[in-house]
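Notes for the one structure printed next.
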Amino acid sequence: MVQLSICNLCKKVVEKSIFTRSKFIDSLFFHAKGGCGGNGHPKYGGIGGRGGNIMCQVKPGATLESVKNLLKGKKLTAASGEHSLSHRLAGRNGEDKVIEVPAGITAYSDVGTKIGELNAEGESLIISQGGVGGNPQNGWLGKQGQHIGIRLELKLIADVGLVGFPNAGKSTFLKAISKARPKIAGYPFTTIKPNVGVIKYDDLRQISLADLPGLIEGAHKNLGMGHSFLRHVERTKLIAMIVDVNGFQLSNKHDYRSCVETVLLLNKELELYKKSLLDKPIILLVNKMDKEGAQEIYDSMRDTLHNLKDHLHNYPEEFRPEKIIKFQSIVPISAKFNQTDIGEVKLKIRHLLDILAEEEQEVVNAEIELVKKLKRELTEHQGSMTI
Ligand SMILES: Nc1nc2c(ncn2[C@@H]2O[C@H](COP(=O)(O)OP(=O)(O)OP(=O)(O)O)[C@@H](O)[C@H]2O)c(=O)[nH]1
């Protein structure tokens, strides 16, 4: 009996460690050193070759795990430039070192300066410059390459970001609306890495949706996994917030939060992470509507959810965000049992993203018109100056 319970305990520990150990990496730090420039040849005026640069380039299928495996904790150094030689006065440039990365990477220096972003296939970015070759300006001595600490941060690029407290039904919803097959279980934190699913439409349009896990009340104080996954919301066009109609309780040690309180707390966590996230269109999915009494609960809070601002005074200070979300749409759903609900959300998401695309196009058109107008005015102005 005792042996059995010890076995069970061991199993639980093993299960827990498997479950907490995630291979998914969304940030990576390493040292990079551009190649040294080759020396020049003062006697014949020969110029040394430039040292190789270290670059990142977007490659489909690349991950930060593959970059980590490539580096093996070592400093990355690019090749030196060739010295100028009497039989080859222009020294050859050192070969660039290219690291293949996934789309959605932002590179920062060790002092936190942003070096650049890589968002689409084929884009590349120099993260560490090779040194210039020896020439008359530097006394013919090749310069050292740039030695720099680099932090790569991955922000998933998905159209829709799904946020909610644990157990709200994010994975179930993702599975129902897309072909993604995330882990689903009746306990919090089933999802320990962002899962991305693709919603397919009859006209072949595809919309990607990322399940962003690990958000809990107090994440801004670094509770749970803190805000580590919220950075992925930054690049989504639309946020889908999902809550359990019956509210949320992380464990017996934590306070129970009603559905409206959960919404306010999620609002607050998003705000505390980055206020500008709340400028994005947000839809609210009230899940588990199949449960007994769910409709009554929903009816009793419907007005509050639609007008959160007007009802804020009914809630204690700690629940009140400064900037309150005005949802684009509020949809009661049963992610697990009602495919009709899912169909409705699918159409809503499409509709909202189409409106956004149209608005973006209008802005682009307005910018093009403005540039044309300025060019016209400039030509007219230059014309009047010559007369
Ligand atoms: N009755 C009912 N149960 C649901 C519904 N959606 C999800 N569940 C259940 O709620 C539990 C949690 O669902 P998940 O989809 O794993 O929740 P999650 O938000 O992804 O959880 P984390 O991974 O912890 O973030 C599971 O037992 C699901 O079967 C629903 O619409 N109705």
Side-chain angles (χ1 to χ4, degrees), residues 160-170 172-174 176-177 209 211-212 215-219 230 233 236-250 254-273 275 277-338 340-353 355-356:
V160 186
L162 190 58
V163 294
F165 286 148
N167 237 22
K170 297 184 294 299
T172 308
F173 174 75
L174 183 74
I177 203 165
L209 189 139
D211 168 10
L212 304 169
L215 193 60
I216 57 167
E217 181 181 345
L230 267 191
V233 186
T236 60
K237 295 178 187 139
L238 175 91
I239 296 176
M241 182 184 281
I242 183 160
V243 289
D244 186 329
V245 65
N246 281 305
F248 171 67
Q249 189 171 20
L250 188 57
H254 295 82
D255 290 331
Y256 162 77
R257 305 300 188 196
S258 71
C259 185
V260 178
E261 287 170 347
T262 311
V263 171
L264 290 173
L265 288 168
L266 282 167
N267 184 157
K268 208 167 168 177
E269 287 300 338
L270 290 177
E271 175 179 67
L272 288 168
Y273 174 73
K275 222 176 195 162
L277 286 185
L278 303 178
D279 296 332
K280 292 180 191 280
I282 307 181
I283 59 168
L284 177 65
L285 307 175
V286 182
N287 192 26
K288 309 199 185 178
M289 287 301 294
D290 56 279
K291 288 209 162 170
E292 209 183 320
Q295 192 58 48
E296 290 74 33
I297 299 175
Y298 183 73
D299 290 342
S300 69
M301 65 183 179
R302 188 200 302 256
D303 183 53
T304 310
L305 290 177
H306 279 92
N307 303 290
L308 278 174
K309 206 171 187 168
D310 300 341
H311 291 84
L312 210 58
H313 61 275
N314 295 324
Y315 294 86
E317 189 70 37
E318 70 260 30
F319 289 98
R320 295 185 205 161
E322 266 178 36
K323 188 169 175 173
I324 296 132
I325 299 172
K326 183 86 188 137
F327 294 107
Q328 298 285 325
S329 188
I330 299 176
V331 199
I333 61 165
S334 167
K336 194 167 179 175
F337 297 110
N338 196 329
T340 317
D341 292 350
I342 300 299
E344 194 188 328
V345 181
K346 199 170 154 177
L347 291 179
K348 283 233 154 82
I349 287 177
R350 168 78 188 255
H351 179 65
L352 285 168
L353 287 179
I355 292 178
L356 272 181

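Only heavy atoms go into these numbers, but all of them, side chains included; no hydrogens, no water, no symmetry mates. For this chain, numbers begin at 1 and follow the sequence in order.
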Main chain of [Y], side chain of [X]: is a donor-acceptor contact present, judged purely on distance under 3.5 Å?
X	Y	result
Gln295	Met289	no
Asn338	Asp341	yes
Lys170	Phe165	yes
Asn287	Ile242	no

Compare all side-chain heavy atoms of [X] with those of [Y] and state whether any distance is below 4.5 angstrom.
X	Y	value
Glu217	His254	no
Tyr256	Ser258	yes
Leu312	Pro321	yes
Leu308	Tyr315	no
Asp310	Asp303	no
Tyr273	Val233	no

side-chain contact (heavy atoms from CB on, under 4.5 Å) between Ile330 and Val286: does it pass, once the steps are laid out? CA-CA 7 Å; Ile330 299 176; Val286 182; 4.2 Å; yes
Compare every heavy atom of [Y] with every heavy atom of [X], then report the nearest pair and how far apart it is.
X	Y	value
Arg257	Glu261	CA-OE1, 3.3 Å
Ser334	Asp290	OG-OD1, 2.8 Å
Lys288	Ala294	O-CB, 3.8 Å
Leu356	Lys237	CD1-O, 3.6 Å
Ala335	Ala176	O-CB, 3.6 Å
Gly247	Thr262	CA-OG1, 4.1 Å

Once you round to the nearest 0.5 Å, how far does [atom1] of [X] lie from [atom2] of [Y]?
X	Y	atom1	atom2	result
Thr172	Ile177	OG1	CD1	13.0 Å
Leu284	Leu305	CG	CG	6.0 Å
Leu270	Lys323	CG	NZ	11.5 Å
Leu264	Ile325	CG	CD1	9.0 Å
Leu238	Arg350	CG	CZ	13.5 Å
Ile283	Leu162	CD1	CG	9.0 Å

Neighbour count >12 (heavy atoms, 6.0 Å) for atom CD, Glu318: yes
Evaluate the criterion side-chain contact (heavy atoms from CB on, under 4.5 Å) for residue pair Ile349 and Leu209; output intermediate values, then yes/no. CA-CA 10 Å; Ile349 287 177; Leu209 189 139; 4.2 Å; yes
Applying side-chain contact (heavy atoms from CB on, under 4.5 Å) to Asn167 and Asp244, what does each step give before you reach the verdict? CA-CA 8 Å; Asn167 237 22; Asp244 186 329; over 6 Å; no
For Ile282 and Asn267: C-alpha separation, side-chain torsions, deciding distance, then whether side-chain contact (heavy atoms from CB on, under 4.5 Å) applies. CA-CA 10 Å; Ile282 307 181; Asn267 184 157; over 6 Å; no
Any salt bridge linking Lys268 with Glu271? Criterion: basic side-chain nitrogen under 4.0 Å from a carboxylate oxygen. no
